[in-house]
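The structure appears below as structure tokens.
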There are 2 protein chains.
Amino acid sequence: MPAVADPLTRTAALFHALSDETRLEILELLRDGERCVCELQAELDAAQSRLSFHLRVLREAGLVNDRREGRWMYYTLATSTFAEVHASLARLSGSDAAVPGAPKTAKAATAGAKRALRVVTDCCG
Amino acid sequence: MPAVADPLTRTAALFHALSDETRLEILELLRDGERCVCELQAELDAAQSRLSFHLRVLREAGLVNDRREGRWMYYTLATSTFAEVHASLARLSGSDAAVPGAPKTAKAATAGAKRALRVVTDCCG
DNA sequence: GAACAATATCAACGAAAATTGATATGTCAA
DNA sequence: TTGACATATCAATTTTCGTTGATATTGTTC
């Protein structure tokens with residue numbers, strides 16, 4: 001696996017980390033500030049290994065930061081990654097925004113032209 | 001199934017629809033405007049039933065709209081749902097962000113009393 | 001250093017999601 | 001009407017994900 005994944009892969013991974021209710025609950029709790037795992041556990045009423053699993057998914061996606069203090073682990077939101085998600089989402093819905101580093105072979109497009117290289121199809125005119 | 005799901009469930013479902021590379025590619029293509037399925041198929045080089053499956057996921061999440069014209073189906077982005085995703089995301093990464101270094105109990109007491117009901121824990125003081 | 005507490009990791013399993021090939025449905029054109 | 005085409009749906013399979021219970025790890029306290 002490459003150190004830094006292709007943008008679409010990365011975006012999919014971010015959205016995947018956000019696609020689970022338990023993880024969203026965790027993030028909502030963290031929105032109010034740093035929390036210790038034991039607090040999260042109490043508030044979510046989740047089995048310890050289950051919580052740990054979801055924290056790991058969030059951590060590996062870069063959505064939370066962790067910090068050890070004695071025998072406790074504290075988690076916070078990683079705001080810069082949220083900014084990244086916002087940007088990715090904007091790119092999807094948003095206007096044009098030509099992003100460098102094109103995915104496939106198709107997009108060798110010229111400057112202004114939006115649908116520059118539309119693949120030739122035999123159907124739908 | 002309830003007609004309208006609880007917000008977290010809905011949010012998770014939206015992110016799930018966005019958590020697949022193929023679907024993201026589809027959305028990127030639609031970003032440039034309406035496309036017929038056959039065009040998408042040519043540009044993505046995806047098996048027909050696979051594409052159809054992903055279009056259905058997007059449709060059921062409300063992220064795209066479809067329209068039939070003769071024997072062709074045209075898809076477009078459903079911008080209002082993207083607005084919804086934006087809002088959900090904003091709610092998560094929300095207003096008063098969690099700053100990593102911040103004192104952990106500090107914000108609890110402020111105006112809105114956000115953490116009003118913090119569960120009592122026996123650990124981490 | 002032994003017992004303990006907080007958390008992470010692992011292995012096994014079940015459940016949900018994605019892929020594939022086949023078939024069904026709807027529309028046009030001859 | 002019949003046949004061809006565009007697309008959707010289905011059934012079977014594979015893959016990925018989440019849960020659970022057990023164990024490992026790290027740090028603390030006596």
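The shown structure was predicted, so the numbers you read here are calculated from the model rather than taken from an experiment. First the proteins, then the strands, lettered A, B, ... as listed; each starts at 1.
- In this structure, of D/dT20, D/dC5, C/dA6, it is C/dA6 that holds the atom nearest to the side chain of A/Arg71.
- Side-chain contact between A/Val64 and A/Thr81: absent, with no pair of heavy atoms (C-beta onward) separated by less than 4.5 Å.
- A distance below 2.5 Å between sulfur gamma atoms is met by A/Cys123 and B/Cys38.
- Nearest nucleotide to the side chain of A/Cys38, out of C/dT27, D/dG18, C/dT7: C/dT7.
- Rounded to whole Å, the distance from CH2 on A/Trp72 to P on C/dC4 is 17 Å.
- Checking side-chain atoms of B/Arg23 against main-chain N and O of B/Ala17 turns up a donor-acceptor pair under 3.5 Å.
- Residue B/Tyr75 places no side-chain N or O under 4.0 Å from the OP1 or OP2 atom of D/dA6.
- Taking atom CG of residue A/Leu24 and atom P of nucleotide D/dG18, one finds them 11 Å apart after rounding to whole Å.
- The aromatic rings of A/Phe15 and B/Phe15 sit parallel to each other, their planes meeting at less than 30°, with 60° as the upper class boundary.
- The listed nucleotides are C/dT20, C/dT7, C/dT9; the one nearest the side chain of B/Ser49 is C/dT20.
- Using a 4.0 Å cut-off on heavy atoms, the residues of residues 50-58 of chain A that approach DNA chain C are A/Ser52, A/Arg56, listed by number.
- The distance from atom CG of B/Leu40 to atom P of D/dA6 is 14 Å, rounded to the nearest whole Å.
- Residue B/Met73 has its side chain nearest to D/dT7 when only C/dA18, C/dT20, D/dT7 are considered.
- Listed here is the closest heavy atom pair of B/Arg91 and B/Pro7: NH1-CB, 4.4 Å.
- Within the model, atoms SG of B/Cys124 and CD of A/Gln41 stand 11.0 Å from one another, a figure rounded to the nearest 0.5 Å.
- What separates CZ of A/Arg67 from C1' of D/dT26 is a distance of 17 Å, to the nearest Å.
- Between B/Phe15 atom CZ and D/dC17 atom C1' there is a gap of 18 Å when expressed in whole angstrom units.
- Between the CD atom of B/Glu21 and the P atom of D/dT16 there is a distance of 12 Å, rounded to whole Å.
- With hydrogens and angles left out, the side chain of A/Gln48 and the base of C/dA8 share a donor-acceptor pair within 3.5 Å.
- Within the 4.5 Å cutoff, no side-chain heavy atoms of A/Arg67 are placed close to those of A/Thr76.
- Residue A/Arg23 is the one, among A/Arg23 and A/Gly70, whose nearest nucleotide of DNA chain D lies closer to the 5' end (criterion: closest heavy atom).
- One can place CG of B/Leu44 at 12 Å from P of C/dT19, the figure rounded to the nearest angstrom.
- Between the P atom of D/dA6 and the CD atom of B/Gln41 lies a distance of 9 Å, rounded to the nearest Å.
- Side-chain atoms of B/Cys36 lie closest to D/dT7 of the nucleotides D/dT7, C/dA22, D/dA22.
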